There are 2 protein chains.
Amino acid sequence: MDILDRRIIDQLRHNARAAYGDIGSVVGLSASAVKRRVDRLVASGVIRGFTVTVDPSVEGLLTEAYVEIFCRGTVAPEELRRLLESVADVVDAGTVSGSADAVVHMRSSNIGALEDSLEEIRKATNVDHTRTSIVMSRLIYRE
Amino acid sequence: MDILDRRIIDQLRHNARAAYGDIGSVVGLSASAVKRRVDRLVASGVIRGFTVTVDPSVEGLLTEAYVEIFCRGTVAPEELRRLLESVADVVDAGTVSGSADAVVHMRSSNIGALEDSLEEIRKATNVDHTRTSIVMSRLIYRE
DNA sequence: GCTGAAACACTGATTAC
DNA sequence: GTAATCAGTGTTTCAGC
């Protein structure tokens, strides 16, 4: 993982379907050298995968929320992970410092689906209560 | 935008570098038909782009935070968008219901960089104060 | 170890249907 | 929408740094 790998990743992030030769001409390598490095980055897990970014509104997933989870007593992160993994609408989540135990970013097709997912989280043992901020308008989208 | 388009997007989301023929054999179309649909989805803005997902820890972006922004008076969403767009570490953000005006998801290389970005937000006119929850351990990562 | 160059198979892009 | 064509790319192999 050197500066060339980083520059290749920068190029792929910009366009994951770019030709290896084109990437090579930018970073200063031949096409085959670029391919070898990309293969290695994928094999080593640095590159998790190649995906498309889709307009969320077109996808029908326009109801988003940030949810703070407050637990009873002490809850192991692994326990929270197991709980949130089973909820499909969870986009990302992490345990946090501060008054809440975890923050969860959710994206659902509508308010009803969001409520259902929230209920799944709330009914879990150890979850005391949640504090939900419904997203009204998306400002930045760089995921 | 029919069911076939959705299935093509599902395939691309799983592997954005998949050959059109492979996608076609899954969704039941020829390679050229798949290409035409993908081109149309890109041209119409449904597909925003093709990117790679990179392990954040390898990338050196392991300091994350969820930040609530509280503004003075009423602030137009567009104004907030302009402010947050200029901060590089912002991953996603949206105006929300509840006590806060907006929630921002940030990802920095270290605590110092995170603090710098926070300062950029705080010094903006109309921003009254912020409430930051530093992510301690990432639980879910589906972006 | 790493690289670049060449040969080959395959895919993407285009055209006609 | 499919089928066929051709240029271009991905992939592999090779020799060299």
Side-chain angles (χ1 to χ4, degrees), chain A residues 1-62 91 107 109 141-143, chain B residues 1-62 88 91-92 107 109-110 113 141-143:
Chain A
M1 187 70 187
D2 58 4
I3 187 70
L4 283 167
D5 285 334
R6 289 186 187 277
R7 292 184 66 190
I8 289 171
I9 288 174
D10 283 343
Q11 291 297 313
L12 285 175
R13 202 197 296 279
H14 190 252
N15 178 18
R17 298 198 70 145
Y20 290 140
D22 292 343
I23 297 172
S25 61
V26 174
V27 303
L29 284 174
S30 69
S32 53
V34 172
K35 174 185 155 40
R36 264 196 299 272
R37 281 171 177 267
V38 172
D39 287 345
R40 201 187 53 204
L41 289 168
V42 171
S44 63
V46 174
I47 293 176
R48 296 193 179 197
F50 301 89
T51 54
V52 286
T53 51
V54 179
D55 190 332
S57 64
V58 172
E59 226 185 349
L61 293 174
L62 28 74
V91 176
R107 190 180 291 138
S109 52
Y141 189 76
R142 290 183 188 147
E143 306 169 50
Chain B
M1 186 71 188
D2 57 5
I3 187 69
L4 282 167
D5 284 335
R6 289 187 186 278
R7 292 184 66 191
I8 289 170
I9 288 173
D10 283 343
Q11 292 295 313
L12 285 175
R13 201 197 296 280
H14 190 253
N15 178 18
R17 296 199 71 140
Y20 291 139
D22 293 343
I23 298 172
S25 60
V26 173
V27 304
L29 284 174
S30 66
S32 53
V34 172
K35 175 183 158 38
R36 261 203 295 269
R37 280 173 178 265
V38 172
D39 287 346
R40 189 166 47 81
L41 289 168
V42 172
S44 62
V46 175
I47 293 177
R48 297 192 180 199
F50 301 88
T51 54
V52 286
T53 51
V54 178
D55 189 332
S57 64
V58 173
E59 227 187 349
L61 294 174
L62 27 74
V91 177
D92 67 74
R107 190 180 291 138
S109 51
N110 53 62
Y141 189 76
R142 290 184 188 145
E143 305 169 47

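Letters go in sequence order (proteins before strands), and every chain restarts at 1. Here the structure is a predicted model, which is why all the values come from computation and not from measurement.
Across B/Arg107 and B/Pro56, no two heavy atoms sit closer than the pair CD-CB, 4.5 Å. Nearest heavy-atom pair across A/Ile23 and A/Leu12 is CD1-CD2, 3.7 Å. For the pair B/Ala31 and B/Tyr20, the tightest heavy-atom approach, listed with the atom from each and the gap, is O-CB, 3.6 Å.
Between its two ends, the helix from C/dG1-D/dC17 to C/dC17-D/dG1 turns its axis by 30°, counting five pairs per end and rounding to 10 degrees.
For DNA chain C, the outermost nucleotides in 5' to 3' order that have an atom under 4.0 Å from a heavy atom of chain A are C/dC2 to C/dG12.
Taking CZ of B/Arg6 as the reference point, atom CZ of B/Arg13 lies at 10.5 Å (rounded to 0.5 Å).
Look at A/Lys35 and you'll find a side-chain N or O under 4.0 angstrom from OP1 or OP2 of D/dT11.
Nearest-nucleotide assignment on DNA chain D puts the 5′-proximal partner with B/Arg40, out of A/Asp22 and B/Arg40. Residue A/Gly21 is the one, among A/Arg36 and A/Gly21, whose nearest nucleotide of DNA chain D lies closer to the 5' end (criterion: closest heavy atom). Residues A/Gly28 and B/Ala19 each lie close to DNA chain C; by heavy-atom proximity, the contact nearer the 5' end of the strand is made by A/Gly28.
The side-chain contact (heavy atoms from CB on, under 4.5 Å) test with B/Leu41 singles out one residue from B/Met1, B/Arg48, B/Arg36, and that residue is B/Met1.
Here the side chain of B/Arg7 pairs no donor or acceptor atom with the backbone of B/Gly28 at under 3.5 angstrom. Although no hydrogens or angles enter the test, the distance criterion places no donor-acceptor pair under 3.5 Å between the side chain of B/Ser109 and the main chain of B/Gly60. Between the B/Asp39 side chain and the B/Val42 main chain, no donor and acceptor come within less than 3.5 Å of each other.
Side chain of A/Tyr20, nearest nucleotide from D/dT11, D/dA4, D/dT13: D/dT11.
Put simply, CZ on A/Phe50 is 11 Å from P on D/dG10, counting in whole angstrom units. The interatomic distance linking A/Arg37 (CZ) with D/dG10 (P) rounds to 17 Å, in whole Å.
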